[in-house]
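Reminder, nothing fancy here: chain letters follow the sequence lines and each chain counts from 1. Atom set for the values below is all heavy atoms of this structure, side chains included, hydrogens, waters and symmetry mates excluded. Since the model is a prediction, treat every value here as computed from it, not as a measurement.
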Amino acid sequence: MAERVGLSLRTVRYYEEAGLLTTAGRTPGGFRLYGDESVDRLMVIKKMKSLGFTLEEMRSLLSVRDELASSGIPDERRGELRELLRTWVVLAEEKLATLRAQAGVAEDFVIGLHTDADRSV
DNA sequence: TTTCTCACA
DNA sequence: TGTGAGAA
């Protein structure tokens, strides 16, 4: 699984210990078994990580996702979960706005360096 | 090659 | 928030 998603073995196990990942059981010898949903989860985790979300935040979002995907949820609870998901959308959009602003700074900086370089010829 | 645990940053 | 090392 670590190889599939491009994480170290230690990291994948650490995420399990941190409650972000559930194994689909073990072999008789104790080896971890992973299902396809583990790939999904790890992709979400990787993206959130790169955006600077904490493990706790990942846990939070993943649990909402899980519950929403489970069956037999009362409509009222469903509404709550949808609402929670919307707050995550907002948080992600905030990250996006911050990064865009940073990209703008980087762009200006590079342009400035180019003009410096050109002038110094 | 895996697992777990303890230490370390 | 991870990683390294040792032992089983």
Nearest-Å distance for atom pair [atom1]/[atom2], residues [X] and [N]:
X	N	atom1	atom2	result
A/Glu16	B/dT5	CD	C1'	14 Å
A/Tyr14	B/dT2	OH	P	21 Å
A/Leu9	B/dT2	CG	P	5 Å
A/Leu21	C/dG2	CG	P	13 Å
A/Lys46	C/dG2	NZ	C1'	15 Å
A/Leu7	C/dT1	CG	P	15 Å
A/Phe31	C/dA8	CZ	P	17 Å
A/Met48	C/dT1	CE	P	11 Å

Discussion item. Looking at A/Glu56, I want to see if its CD is surrounded by more than 12 non-hydrogen atoms of other residues, nucleotides or ligands under 6.0 Å.
Written reply: no
Discussion item. Heavy-atom count check: over 12 atoms from other residues, nucleotides or ligands less than 6.0 Å from A/Arg100 CZ?
Written reply: no
Is the distance from OP1 or OP2 of [N] to the nearest side-chain N or O of [X] less than 4.0 Å?
X	N	value
A/Tyr15	C/dT1	no
A/Arg10	B/dT3	no
A/Arg59	C/dT1	no

Worksheet item: Looking at the side chain of A/Thr54, which of B/dT2, B/dC4, C/dT1 is the nearest nucleotide?
Response: C/dT1
Discussion item. Of the listed nucleotides (B/dC4, C/dT1, B/dT2), which one gets closest to any side-chain atom of A/Arg32?
Written reply: B/dC4
Discussion item. Counting the atoms with a prime plus P, OP1 and OP2 as sugar-phosphate, which does A/Arg13 contact under 4.0 Å by heavy atoms, base, sugar-phosphate, or nothing?
Written reply: base
Item to complete: For A/Arg32, enumerate each residue passing the side-chain hydrogen bond (donor to acceptor under 3.5 Å, both in side chains) test, keeping only those at least two apart in sequence or located in another chain.
Response: A/Glu16
Discussion item. Here's one to test your reading of the geometry: is the NZ or CZ of A/Lys95 within 45 degrees of the ring axis of A/Phe53 and under 6.0 Å from its centre?
Written reply: yes
Discussion item. If the threshold is 4.0 Å, N to carboxylate O, is there a salt bridge linking A/Asp75 and A/Arg78?
Written reply: no
